[in-house]
Number of protein chains: 2
Amino acid sequence: MPGMAIGKLAVIAATKVQTIRYYEEIGLIRPFARSEGGHRQYGPEDARRLKFIRHARELGFGIEEIRELLQLSDNPDTSCSAADIIARSHLEQVELRLKKLQALRKELKRMVEECGHGRVSHCRVIEVLSDHKHCGSEH
Amino acid sequence: MPGMAIGKLAVIAATKVQTIRYYEEIGLIRPFARSEGGHRQYGPEDARRLKFIRHARELGFGIEEIRELLQLSDNPDTSCSAADIIARSHLEQVELRLKKLQALRKELKRMVEECGHGRVSHCRVIEVLSDHKHCGSEH
DNA sequence: TCTTGAAGCTCTAGTGGCTGGAGATTGTAT
DNA sequence: ATACAATCTCCAGCCACTAGAGCTTCAAGA
């Protein structure tokens with residue numbers, strides 16, 4: 001098994017090369033070997049791990065959360081409740097963000113709709129931004 | 001008009017003191033005067049401007065967008081269409097984020113619901129993160 | 001007026017999660 | 001053998017703040 005170079009791993013896991021090196025730096029992954037000249041060599045297990053990380057990042061998990069999840073994934077005999085707790089608290093955060101974003105969209109829509117394309121002195125966009133009271137909903 | 005100190009402005013605009021100094025550093029605001037001892041002094045116009053900035057930040061506008069909006073707000077005779085364009089493109093971004101977040105919530109909910117509270121080796125949370133294919137929706 | 005303690009000052013560094021570039025070295029295809 | 005792509009390390013920068021050290025100034029009470 002000769003292992004693949006960092007560039008190929010990057011393509012496979014849809015990551016940038018620098019990002020992989022960064023993950024190594026902060027201790028999330030490490031290549032299973034180096035070539036004589038010092039080039040990193042990765043195997044399929046590294047690819048799986050990197051995909052795990054990228055997927056979790058896409059889902060909005062922070063690096064430290066991912067570190068915990070990786071540890072759990074590395075030790076399949078531990079209780080699953082830790083992973084559950086992480087995912088649950090993450091879900092709560094997501095639902096909060098979602099609510100804020102929905103209120104924001106409403107506000108922006110109103111702003112844009114009410115802009116009469118005239119002078120700034122009568123522009124609702126500027127007006128709404130100038131005074132919180134113009135807001136229909138809290139945020 | 002003696003002007004208020006930075007601490008009071010911070011309270012009024014619901015900002016941290018350091019944030020105000022940071023905004024000054026990057027050229028968004030400046031105090032209308034300094035005391036003999038070098039303390040910043042602000043007036044009501046500064047408060048209005050800072051509130052404008054904070055409100056726009058809450059709505060998710062970036063600093064450079066805000067810089068543009070401030071310029072428009074400072075020149076009430078210019079066309080409102082520039083502000084409109086900024087707000088519109090911002091709205092688009094928000095709607096995109098919203099869609100992603102909704103897909104994410106769905107995914108997380110499923111993960112949490114399917115976790116049987118057993119061992120990690122059978123935990124759906126880990127499993128879903130390990131393999132993108134388990135996702136019901138793209139994100 | 002003096003004193004004290006809160007609030008201000010500047011400057012530096014750190015956060016998270018990468019991203020980009022310089023300049024040197026290595027790997028690979030012809 | 002050579003050309004050129006890919007990789008290496010190291011360092012700096014991004015955004016929008018936030019925190020702290022170590023000092024000075026201000027305002028209120030005695």
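No hydrogens, no waters, no symmetry mates; every other heavy atom, side chains included, goes into these values. In what follows, chains are A, B, ... by sequence order, proteins preceding strands, each numbered from 1.
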Integer-rounded Å distance: [N] [atom2] and [X] [atom1]:
X: I63(B); N: dC14(D); atom1: CD1; atom2: P; answer: 14 Å
X: M4(B); N: dA27(D); atom1: CE; atom2: C1'; answer: 18 Å
X: E25(A); N: dC11(D); atom1: CD; atom2: C1'; answer: 11 Å
X: E58(B); N: dA16(D); atom1: CD; atom2: C1'; answer: 15 Å
X: E36(B); N: dC26(D); atom1: CD; atom2: C1'; answer: 12 Å
X: I6(B); N: dT18(D); atom1: CD1; atom2: P; answer: 13 Å
X: R34(A); N: dT7(D); atom1: CZ; atom2: P; answer: 12 Å
X: Q41(A); N: dA6(D); atom1: CD; atom2: C1'; answer: 14 Å

Is there side-chain contact between [X] and [Y], with heavy atoms separated by less than 4.5 Å?
X: I20(B); Y: Y42(B); answer: yes
X: E92(A); Y: E95(A); answer: no
X: D46(A); Y: I29(A); answer: no

(message) Does anything in residues 4-25 of chain A form a salt bridge (Lys or Arg N to Asp or Glu O under 4.0 Å)? List the pairs, not counting sequence neighbours.
(response) E24(A)-R34(A), E24(A)-R40(A)
(message) Short of 4.0 Å, heavy atom to strand atom, which residues of residues 8-24 of chain B count as contacting DNA chain C?
(response) R21(B)
(request) Look at the side chain of T15(A) and the backbone N and O of T19(A), then say whether any donor-acceptor pair between them is shorter than 3.5 Å. (result) no
(request) Look only at the side chain of R49(A) and the backbone of L28(A), and say whether a donor-acceptor pair between them is shorter than 3.5 Å. (result) yes
(request) With DNA chain D as reference, determine whether G37(A) or S35(B) sits nearer its 5' end, using the nearest nucleotide of each. (result) G37(A)
(request) Name the residue closer to the 5' end of DNA chain D, choosing between H39(B) and I53(B) according to the nucleotide with the nearest heavy atom. (result) I53(B)
(message) By the 4.0 Å heavy-atom rule, please label R67(A) as base, sugar-phosphate, or nothing.
(response) nothing
(request) Taking heavy atoms of chain A and a 4.0 Å limit, find me the 5'-most and 3'-most nucleotide of DNA chain C within that range. (result) dG17(C) to dG27(C)
(message) Working note: L70(A) + I53(A), criterion side chain to side chain contact (heavy atoms under 4.5 Å, CB included); need CA distance, chi angles, decisive distance, verdict.
(response) CA-CA 8 Å; L70(A) 276 170; I53(A) 296 168; 4.0 Å; yes
(request) Treat each ILVMFWY residue as a node, draw an edge where side-chain heavy atoms are under 4.5 Å apart, and state whether I66(A) and I85(A) are in one component. (result) no
(message) Using salt bridge (charged side-chain N to carboxylate O under 4.0 Å, His left out), reason through R48(A) and E45(A) one step at a time and then give a plain yes or no.
(response) CA-CA 5 Å; R48(A) 197 201 64 84; E45(A) 173 54 23; 3.4 Å; yes
